[in-house]
Participant: 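Next up is a structure, given as structure tokens.
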Amino acid sequence: MENIYMPLKARVVSVTNETPDVKTFKLRLDNGDGACIPFLPGNFLEVSSFGAGEAPFCISSSPTRNDAFDITVRSVGSVTSGLHKMKPQDIVGIRGPFGNHFPCSAVQGRDILFVGGGIGLPPLRSLIHYMLDNRDDYGDITILYGARTPDDRVYKRELDQWAGRKDVLFLETVDVGSKSWSGRVGVVTILFDEIFVRPKITTAFTCGPPVMIKFVIQGLLKMGFRPDNIVTTLERYMKCGVGKCGHCAVGEKYACTDGPVFTFADIQKLSEKP
Amino acid sequence: MFAVNKIPISGLGEDRTIKEKHMISTILKDDFFTVLRGLAKTSRMIAPVMLSNGELLYDRIQCIEDVSLQPGIPIMSAKEFFFSSCEELFRFKRIGTDAIDFVQPEEAEACVFLGIRSCDLNGVRYLERFYKRKFNDTTVTKKIEKTVFISLGCLDPGEQCFCACCDSGPFLSDGFDAQLTDLDNRWMVEIATARAETLLRPYDNLFTPATDADLNERKNILSCVDSKFTRRSFMAMGVKKVSLGAVEEEVWEAFGDRCISCGSCVFVCPTCSCFNVLDREIGEEGVRLRTWDACSYSGFTREVSGHNPRPRAADRLKRRFFHKLSYQTTKDSGRLGCMGCGRCVVSCPSLADISTFVTTLRSVRTV
Ligand SMILES: Cc1cc2nc3c(=O)[nH]c(=O)nc-3n(C[C@H](O)[C@H](O)[C@H](O)COP(=O)(O)OP(=O)(O)OC[C@H]3O[C@@H](n4cnc5c(N)ncnc54)[C@H](O)[C@@H]3O)c2cc1C
Ligand code: SF4
Ligand code: FES
């Protein structure tokens with residue numbers, strides 16, 4: 001008898017401090033070889049900090065680098081602060097991977113535009129790594145990233161690497177600058193003025209806070225993107241991850257099993273506003 | 001006093017084969033009591049009991065004399081026995097600092113559910129289907145599978161009842177293992193599954209095959225019951241308007257203004273199944289619990305950022321009624337999400353129940 005709520009044991013392999021309240025955890029299953037259960041970018045895990053509870057996190061690593069699951073966690077409440085106390089070798093629980101995934105193969109051959117805001121970068125990072133590891137399958141890749149302040153930028157080292165690559169265009173901005181920040185200041189949509197995209201052959205992926213997504217989608221539509229070429233995630237409050245607890249329901253869909261990845265065209269069709 | 005032995009019936013849960021033709025027989029009520037005594041010796045039993053105030057409640061039976069097959073609808077639905085208000089999903093135990101052990105919850109036990117009302121059994125089947133789809137939640141479905149349902153058709157629908165408008169009662173054509181019809185001093189027993197037959201076989205000599213006269217009597221009874229319903233809810237129209245998004249915003253607002261977000265409709269409802277999950281830990285040992293939750297609570301959808309997709313009571317009622325009524329959601333469940341048990345009609349302190357709502361939608365208003 002399989003209990004769908006029973007997690008698998010996993011161990012923290014390493015902890016990276018991203019910002020004052022965000023950490024990335026590398027988690028490896030405690031099952032011998034530690035190999036991941038197959039997943040695709042966009043899938044999420046239910047991660048347990050036993051005693052504190054369980055919460056959903058998107059997998060921020062790519063299946064092309066399959067030795068562990070990365071999750072990037074902002075400390076906001078009981079489970080997330082429980083995780084933030086963890087050190088290498090500590091035990092967590094994992095259920096999943098759950099949910100649908102980004103259309104990785106359906107967009108082969110197309111240009112790709114990523115627009116990430118703040119803690120919205122983790123799900124995109126999985127897809128970015130995936131595409132960079134299969135670079136020949138995709139056309140031009142542009143990555144736009146906005147954070148609140150320079151301190152709030154996640155994956156700082158990787159951002160610099162992306163900026164240095166010749167086969168991607170990476171631009172970033174912060175809402176509020178600082179003395180040591182010499183980059184752009186302003187919301188992420190200001191970067192739209194600096195890029196050249198061909199909306200007909202481009203698919204845009206955007207994740208971030210709800211307000212940002214709203215403005216990004218408006219901007220993309222104005223540029224000429226069709227709603228079905230704009231892909232985002234609906235991170236509704238979730239408990240079970242398997243379509244039972246009812247928390248994540250939007251109209252007739254469940255964000256946990258029908259999503260979390262939706263095109264803007266899907267979202268427009270929902271019978272309830274997300 | 002007759003104490004019930006706790007011996008599980010072996011194999012009871014496994015054979016759910018539905019018989020091609022229902023076997024119909026009758027039994028004197030006194031003899032049926034003898035059958036119950038016998039069943040109680042070998043199996044756990046859930047059945048309605050009468051409380052001191054005259055209300056009925058489904059309960060685990062300790063003493064067979066407590067069983068009440070009187071007409072009326074039990075105050076709570078049957079869901080508690082399959083999807084409990086608070087239950088353990090598993091336990092965990094820390095061993096030192098770097099190991100943890102899990103303990104699975106106890107396996108579901110075979111059981112006889114006697115006297116379950118048609119609306120409630122339909123509710124259980126609805127939950128079964130929901131908990132099975134996509135990911136099979138065996139913490140719920142196993143309990144249902146291992147239960148033999150002997151349902152009781154209703155001859156005296158209460159003021160609150162409108163199952164006839166929801167295609168869920170007062171009698172069933174399927175979904176039961178056996179169904180009882182009250183024929184005055186006898187019960188008519190309709191056996192639909194092999195396991196019900198197995199269960200009752202030891203008492204074969206007490207049953208008499210139903211005669212044509214018996215079947216006619218039942219037919220007459222059934223045709224009379226429909227006219228006894230005093231509450232009508234125009235569900236088909238409710239379904240249409242809710243599915244099409246044709247309910248005026250003022251109606252949602254009026255109902256939202258009435259609703260005090262207490263969650264009582266959700267807790268009494270046989271088909272509401274939303275839940276919360278939380279951990280409790282004392283020392284080295286802990287437990288992951290599932291508790292009932294309600295989509296009418298304001299925090300139900302509140303996200304960590306503070307963003308709440310359903311901030312108003314009206315938004316939440318819209319959600320609940322959409323889920324119960326709309327084509328969009330009912331096509332997955334195969335039937336209407338409301339069983340017409342009328343419990344929310346009784347429990348709602350402010351006339352924001354589904355029956356009042358649907359009735360309000362009639363263009364020619366009668367209330
Ligand atoms: C598909 C998906 C993917 C996600 N991916 C990520 C990710 O990659 N990284 C990430 O960091 N997050 C992610 N999240 C969000 C993450 O799941 C939440 O941050 C997490 O569930 C918070 O859990 P918690 O126990 O720490 O917070 P909780 O303890 O539940 O509380 C969070 C906040 O809500 C408040 N709160 C809680 N209950 C109440 C109440 N009853 N009344 C008032 N206030 C209350 C608390 O004060 C706190 O501020 C994702 C969510 C989804 C759905
Ligand atoms: S919505 Fe009300 S009447 Fe319908 S099944 Fe639920 S409690 Fe019974
Ligand atoms: S998270 Fe429980 S239904 Fe989606």
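Proteins come first, then strands; the chains are lettered A, B, ... in the order of their sequence lines, and each starts at number 1.
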Participant: Would B:Asp315 and B:Lys318 pass as an ion pair if we require N to O under 4.0 Å?
Facilitator: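 Salt bridge absent between B:Asp315 and B:Lys318.
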Participant: Salt bridge or not for B:Arg343 and B:Asp120, using N-O below 4.0 Å?
Facilitator: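 Counted as a salt bridge, because a side-chain N and a carboxylate O are separated by less than 4.0 Å.
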Participant: Relative to chain B, which of A:Cys245, A:Ser271, A:Pro209, A:Ala52 shows the most heavy atom pairs under 4.5 Å?
Facilitator: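 It is A:Cys245.
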Participant: Counting only non-hydrogen atoms closer than 4.5 Å, can you tell me which residues of residues 295-310 of chain B sit against chain A?
Facilitator: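 Those residues of residues 295-310 of chain B which have a heavy atom under 4.5 Å from chain A are B:Phe300, B:Thr301, B:Arg302, B:Glu303, B:Val304, B:His307, B:Pro309, B:Arg310.
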Participant: Within residues 7-18 of chain A, which residues come under 4.5 Å of chain B, heavy atom to heavy atom?
Facilitator: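 So far as heavy atoms go, A:Pro7, A:Lys9, A:Arg11 are the residues that approach chain B to under 4.5 Å.
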Participant: Check this for me: does any side-chain nitrogen of one of B:Asp332 and A:Lys253 sit under 4.0 Å from a carboxylate oxygen of the other?
Facilitator: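 A:Lys253 and B:Asp332: not salt-bridged.
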Participant: Without hydrogens or angle criteria, can the side chains of B:Ser85 and B:Glu80 be said to hold a donor-acceptor pair below 3.5 Å?
Facilitator: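 Indeed, the side chains of B:Ser85 and B:Glu80 share at least one donor-acceptor pair under 3.5 Å.
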Participant: Identify which part of B:Phe322 has an atom lying under 4.5 Å from any heavy atom of chain A, answering side chain, backbone, both or neither.
Facilitator: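 For B:Phe322, side-chain heavy atoms alone lie under 4.5 Å from chain A.
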Participant: Using a heavy-atom distance cut-off of less than 4.5 Å, which residues of residues 274-286 of chain B contact chain A?
Facilitator: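 Against chain A, the residues of residues 274-286 of chain B that fall inside the cut-off (heavy atoms, under 4.5 Å) are B:Cys274, B:Phe275, B:Asn276, B:Val277, B:Asp279, B:Glu281.
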Participant: Are A:Asp21 and A:Arg74 close enough for a salt bridge, meaning some N to O gap below 4.0 Å?
Facilitator: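 Between A:Arg74 and A:Asp21 there is a salt bridge, with a charged N closer than 4.0 Å to a carboxylate O.
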Participant: Please state whether the side chain, the backbone, both or neither of A:Ser49 comes within less than 4.5 Å of a heavy atom of chain B.
Facilitator: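 For A:Ser49, the backbone is the part near chain B, not the side chain.
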Participant: Determine, using ring centers only, whether B:Phe255 and B:Phe357 are less than 6.0 Å apart.
Facilitator: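 For B:Phe357 and B:Phe255, the ring centres are under 6.0 Å apart.
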Participant: Angle class for the A:Phe98/B:Phe135 ring planes (parallel below 30°, perpendicular above 60°, tilted otherwise)?
Facilitator: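 Judged by the thresholds at 30° and 60°, the geometry between A:Phe98 and B:Phe135 is perpendicular.
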Participant: Less than 4.0 angstrom from a charged side-chain N to a carboxylate O is my criterion; do A:Arg153 and A:Glu172 meet it?
Facilitator: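 Salt bridge flag = yes for A:Glu172 with A:Arg153.
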Participant: Can you tell which of A:Cys248, A:Ser78, A:Gly93, A:Ala249 has the highest number of heavy-atom pairs within less than 4.5 Å of chain B?
Facilitator: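 That would be A:Ala249.
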Participant: What residues form a ring-ring contact (aromatic ring centres under 6.0 Å, His included) with A:Phe114, not counting sequence neighbours?
Facilitator: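 A:Phe205.
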Participant: Under a plain distance cut-off of 3.5 Å, with no hydrogens placed, do B:Asp137 and B:Thr139 share a side-chain donor-acceptor pair?
Facilitator: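 Result is yes, a qualifying pair exists.
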Participant: Using distance alone, with no hydrogens and no angle criterion, decide if B:Asp293 and B:Thr291 have a side-chain donor and acceptor under 3.5 Å apart.
Facilitator: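 Short answer, no.
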Participant: Do the charged groups of B:Glu107 and B:Lys143 touch, with an N to O distance under 4.0 Å?
Facilitator: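 Salt bridge flag = no for B:Lys143 with B:Glu107.
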Participant: May I ask you to name which of B:Arg288, B:Lys134, B:Gln328, B:Lys331 has the most heavy-atom pairs under 4.5 Å with chain A?
Facilitator: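 Greatest number of close heavy-atom pairs with chain A: B:Arg288.
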Participant: Looking only at the side chains, is there a donor atom on one of B:Ser273 and B:Lys79 sitting less than 3.5 Å from an acceptor on the other?
Facilitator: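 Note: B:Ser273 and B:Lys79 side chains miss the donor-acceptor criterion.
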Participant: Measure A:Glu272 against the heavy atoms of chain B and call it side chain, backbone, both or neither at under 4.5 Å.
Facilitator: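 For A:Glu272, the contact with chain B is made by the side chain alone.
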Participant: If you count heavy-atom pairs under 4.5 Å between each of A:Lys273, A:Glu252, A:Met238 and chain B, which one has the most?
Facilitator: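 Sorted descending by pairs with chain B, the first entry is A:Glu252.
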Participant: Give a yes-or-no answer on whether the side chains of A:Ser60 and A:Thr72 include a donor-acceptor pair shorter than 3.5 Å.
Facilitator: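 A donor-acceptor contact under 3.5 Å links the two side chains.
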Participant: Just so I understand: if I count every heavy-atom pair under 4.5 Å between each of A:Val79, A:Ile4, A:Asp90, A:Val211 and chain B, which residue has the most?
Facilitator: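 Greatest number of close heavy-atom pairs with chain B: A:Ile4.
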Participant: With the threshold set at 4.0 Å, does a side-chain nitrogen-carboxylate oxygen contact exist between B:Lys142 and B:Glu128?
Facilitator: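 Here B:Lys142 does not pair with B:Glu128 in a salt bridge, since their nearest N and O are not under 4.0 Å apart.
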Participant: Looking at chain A, which one of B:Arg290, B:Arg319, B:His323 has the largest number of heavy-atom pairs inside 4.5 Å, strictly under?
Facilitator: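 The residue among B:Arg290, B:Arg319, B:His323 with the greatest pair count is B:Arg319.
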Participant: If you define the side chain from C-beta out and look only at heavy atoms, does anything of B:Glu87 sit under 4.5 Å from B:Pro105?
Facilitator: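 No, too far: nothing below the 4.5 Å cut-off.
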Participant: Quick one: sort the B:Phe113 and B:Phe149 rings into parallel, tilted or perpendicular, breaks at 30° and 60°.
Facilitator: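 Because their plane-to-plane angle is under 30°, the rings of B:Phe113 and B:Phe149 count as parallel.
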Participant: State whether A:Asp228 and A:Lys269 are salt-bridged, where the test is any N-O pair (Lys NZ or Arg NE/NH1/NH2 against Asp/Glu carboxylate O) under 4.0 Å.
Facilitator: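 No salt bridge links A:Asp228 with A:Lys269.
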Participant: Roughly how far apart are B:Cys338 SG and B:Leu325 CG, rounded to 0.5 Å?
Facilitator: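 Between B:Cys338 SG and B:Leu325 CG, I get 7.0 Å after rounding to 0.5 Å.
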Participant: If you tally heavy-atom pairs under 4.5 Å against chain A, which of B:Asp98, B:Val140, B:Asn136 wins?
Facilitator: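 Among B:Asp98, B:Val140, B:Asn136, the one with the most close pairs to chain A is B:Asp98.
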Participant: With a 4.5 angstrom heavy-atom cut-off, could you sort out which part of A:Lys244 is near chain B: side chain, backbone, both or neither?
Facilitator: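 Both parts, heavy atoms under 4.5 Å.
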Participant: Given the options A:Gly51, A:Gly246, A:Ser48, which has more heavy-atom pairs under 4.5 Å with chain B than any of the others?
Facilitator: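 Top option by heavy-atom pairs under 4.5 Å: A:Gly51.
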